[in-house]
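Data first, discussion second: the structure below is written as structure tokens.
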Amino acid sequence: MEGLNPAQRSAVCQTSGPLLILAGAGSGKTKTVAHRIAYLLQHESLWPNEILAVTFTNKAARELRERVWRLTEERGGEVPRSYMPWMGTFHGICVRMLRQDGKAISIQPNYVIYDEDDRQGLIKQAMKELHIDKQQIKPRTISSVISNAKNELKTPEDMEAAANYPNMRSIAKVYARYEKLRRGAGALDFDDLLIETVCLLRDHPEIRVKWQQQFKHVFIDEYQDTNAAQYAIVKYLVNKEQNICVVGDDWQSIYSWRGADFTNILNFERDYPNTTVIKLEQNYRSTNAILAAAQMVISKNKVRTDKKLWTDLGEGAPVEVHATYDESEEASLVAGRIATQVAMKARRYSDFAILYRMNAQSAALERALRVQRIPYQLVGGVRFYDRKEIKDIIAYLRIIYQPNDRLSFSRIVNVPTRGIGATSLERFLTWQGGTGMNVIDALYHVHEADGLTSKAKTALGALGTHFRELQTMLQDGATPADIIERLLKVTAYRDYLRDGTPQAEEREENIGSLISDVKVFADLPEFLEEAALISSADNAAGGDKVTLMTLHAAKGLEFPVVFMVGLEEGIFPHSRVYDAGPSELEEERRLCYVGMTRARQELHLTYARSRLQFGQRGYNEVSRFIADMGNQVAAIDQPTFGIDHQESEFVSDELPFDIGDRVRTTAFGNGEIIDIDGLAVTIRLDRGGTKKLNAEYARLEKL
DNA sequence: TCATTTAACGTTTTT
DNA sequence: CGTTAAATGA
């Protein structure tokens, strides 16, 4: 109980019945939760596997597990993977339950998990089969419509029935076909993990009761961001004792576009009578200046609970607003402030975070940081497991594990190239579909197929032999690392990577890190699960570096100094919320609140008068959120309307190049400009050939 | 029929 | 600029 305030203590001691903890930003939520779990283990003699704890990210789960581990036994060292096995994200928990009990709703135990890319791949396949032009409806749009439907537990038939315009009917058809293909591949997508778990618990009382008996205490973090399926899962898992504890803050609900519904937290007391409500309102993170400005912003929202955060950390420096001329000046201003403070030894690089609304904004910032030689790390963006070479390896592993996964098979059937093109693949798959054999068995019997060239048959047969061998390794209990090493060898994948391009080396290194990552896992299923569910917010590397990420990814984190950039109408709030209605605008405002409350001592807000967006230059007004803060902020810099400004070249339509100029390109070496058409610059390269580049993107350098 | 070359496209947030 | 789809040539 040491180091806890009275409200936090009562949250720890309240060990029976429903408990709602309304935890404001920076109110010591994680600490309270860790102490509460430790208390249950020690004073209520619960076993670590009798507690179900759901967090928002894998990283949050890891931190919590570590904290509980240290608290209970004052142990040091690595926390074993088996400790508190039921601590993780909703998706992670569902995977484990389905693996164990999925048979009851006819889910094969060796199902694979499809991510967003896989899902869109399968949607494209479905559209092709249905002869729907993907120019007309974007696969991405269909994907999100299907996702929304699934989260509302709607079937393709429901969608078809409710369709009131032609596109919707097409989408419903794609949805139906997609589901058929997905089932055939023995795969579940992210939404299925939740929805199938709901069905499992709803339709099988004996299984429901089994889990209810196992979980003596259920604990849900970030409850304001739960969606309908997650809400249902929680309801089914809580037993008669109703030992459920949820933590959340409606002011920080920022995932409604993903189906999250913060009325879940507002209605908790109604759902679980006799709830004890504890409010944590003392903020231990930010200065009063930061907190007051954030409070000004959030108070403009109509739909919200009423609370008042307070701090005794003192007034602190005022929140600063910096106006800049364009995104490049904005970036160098941020980089410059960081460089100065580090040079004065006032701060370390890792004290700083730069937060933005969308990933595309990171490019200008990265450039400025590189110019000033400031080390930085990007959270989000391209995930490690999204890289081509890693996805290839995972596709190989999947097909070995789940030989019905035709999507993964299609991905790697000709990688490395082995003379099997689109037509051969299509013919093979058509034949294989008719035989009822899985992909690997069909490869083994490929000589019986008709319509394939003998060349294709030989290549496919050889691939089948490799798959068989790897499959045998898997059955004999080989480690994932051994299997990967072997498959790299038989496919000569490393040779394939060495294509002479500058990125080849990096790709090989990535394969290396994959192999060392994989050593932690005892078996393949465990690794495939982890690889599918790892999120971009999870890879927080160490080291003394500035952190760059989206506002969404910053949830739950804190930094001594925070820069929020791009506070402009159309960027933040994003232009897409304008015609979406007031509730979307309120969500943007909550996102602003979340960003501001990440800051401990200093908060800087910047905006640019002019910005390159969607390929062209736009001029934005200052964000309304700055006006919301009233006189809680200090305006510091005015933009420099620079004659000597380096970016002024793009403001005039005139490019700073002429035909005949010699230039340096980053990717293709030096060359001479032979034509200019608007922004399109044609260059005759010294290495031979010509190249047409967009001067707005290619950073051409005049020689 | 396959592999290479060339043209087109892109940007909200993510488990 | 990077990626992906279409177009071209062997």
Side-chain angles (χ1 to χ4, degrees), chain A residues 54-60 88-95 113-116 119-121 124 134-135 138 140 143-144 147 151 189-194 222 225-227 229-230 254-260 355-363 367 379-383 386 388 414 417-427 452-453 455-456 459 501 503 532-538 549-555 566 570-577 580 584 587-588 590-591 594-595 611-616 665-668 680 689-700:
Chain A
V54 184
T55 57
F56 200 68
T57 60
N58 295 304
K59 189 177 155 227
T89 62
F90 269 107
H91 297 266
I93 302 287
C94 290
V95 164
I113 301 166
Y114 277 3
D115 65 12
E116 185 57 33
R119 172 195 260 171
Q120 283 187 31
K124 282 179 195 159
K134 57 178 180 278
Q135 310 283 352
K138 286 193 194 117
R140 191 154 32 87
S143 171
S144 87
S147 179
N151 280 309
D189 65 28
F190 283 153
D191 298 318
D192 295 325
L193 294 175
L194 303 177
E222 308 282 10
D225 282 323
T226 49
N227 66 25
Q230 293 165 338
I254 55 174
Y255 281 98
S256 74
W257 49 272
R258 207 165 84 188
L355 309 181
Y356 36 81
R357 180 64 235 270
M358 46 188 177
N359 282 311
Q361 286 172 263
S362 76
R367 212 173 303 157
V379 178
V382 186
R383 305 181 304 167
D386 281 344
K388 277 192 305 288
N414 207 25
T417 46
R418 40 177 80 91
I420 304 161
T423 335
S424 295
L425 171 63
E426 203 164 315
R427 286 187 183 161
L452 280 164
T453 62
K455 189 179 136 207
T501 61
Q503 300 97 309
L533 294 178
I534 197 119
S535 84
S536 51
D538 289 329
M549 62 188 147
T550 63
L551 287 152
H552 282 89
K555 181 162 126 163
I571 302 285
F572 189 33
H574 196 270
S575 54
R576 282 181 64 146
V577 309
E584 273 76 4
E587 177 146 318
E588 292 284 300
R590 289 194 295 271
L591 188 57
V594 167
R611 179 179 298 276
L612 194 59
Q613 47 192 345
F614 316 125
Q616 52 185 340
T665 72
T666 39
F668 310 103
T690 60
K691 200 79 200 170
K692 204 185 229 181
L693 297 173
N694 184 334
E696 199 99 60
Y697 293 119
R699 293 195 295 285
L700 297 175

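A note on names: the letters A, B, ... follow the listed sequences, proteins ahead of strands, and every chain is numbered from 1. Just so it is clear, the structure is predicted and the values come from calculations on it, not from any experiment.
The A:Thr423 side chain lies nearest to B:dC2 when the options are B:dT15, B:dT13, B:dC2. Taking every side-chain heavy atom of A:Thr89 into account, B:dT15 is the closest of B:dT15, B:dT1, B:dT14. Comparing B:dT11, B:dT13, B:dT1 against the side chain of A:Arg140 picks out B:dT11 as the nearest. Comparing B:dT13, C:dA5, B:dG10 against the side chain of A:Asn359 picks out B:dT13 as the nearest. Set against B:dT13, B:dT15, B:dC2, the side chain of A:Arg357 has B:dT13 as its closest nucleotide. Nearest nucleotide to the side chain of A:Ala360, out of B:dT11, B:dT13, B:dT1: B:dT11. Of the candidates B:dC2, B:dT15, B:dT12, the closest approach to any side-chain atom of A:Lys455 belongs to B:dC2. Among B:dT15, B:dT12, B:dT14, the nucleotide with an atom closest to any side-chain atom of A:Tyr255 is B:dT14.
Mapping A:Leu194 and A:Lys138 onto DNA chain B by nearest heavy atom places A:Lys138 closer to the 5' end of the strand.
A:Arg590 comes within 4.0 angstrom of nothing in the nucleic acid, heavy atoms only. Nucleic acid contact for A:Ser424: sugar-phosphate only, since backbone atoms but no base atoms lie under 4.0 Å from a heavy atom of the residue. A:Lys555 comes within contact range of no nucleotide atom at all, as no heavy-atom separation falls under 4.0 Å.
Qualifying salt bridge (Lys or Arg N to Asp or Glu O under 4.0 Å) partners for A:Asp191, counting only residues two or more places apart in sequence or in other chains: A:Arg119. For the side-chain contact (heavy atoms from CB on, under 4.5 Å) test, residues two or more places apart in sequence or in another chain that qualify with A:Lys455 are A:Thr453.
Summarising the geometry, the separation between CZ on A:Arg258 and P on B:dT12 is reported as 17 Å, rounded to the nearest angstrom. The CD-C1' distance, from A:Glu426 to B:dC2, rounds to 15 Å in whole Å.
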Polar-atom pairs under 3.5 Å, protein N or O versus N or O of nucleotides 3-5 of chain B: list them with distances, or write none.
| unit_1 | atom_1 | unit_2 | atom_2 | d |
| --- | --- | --- | --- | --- |
| B:dA3 | OP1 | A:Gly419 | N | 3.4 |
| B:dA3 | OP2 | A:Asn414 | ND2 | 3.1 |

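Under a 3.5 Å cut-off, the side chain of A:Gln230 and the backbone N or O of A:Phe90 do not form any donor-acceptor pair.
Using a 4.0 Å cut-off, no side-chain N or O of A:Lys124 falls inside it from OP1 or OP2 of C:dT4.
Taking the 5.5 Å centre cut-off and the 30° plane limit, the aromatic side chain of A:Trp257 is classed as stacked on B:dT13.
Between A:Lys555 and A:Val594 the shortest heavy-atom distance is CA-CG1, 4.2 Å.
Taking atom P on both nucleotides, C:dG2 is separated from B:dT11 by 16 Å, rounded to a whole Å.
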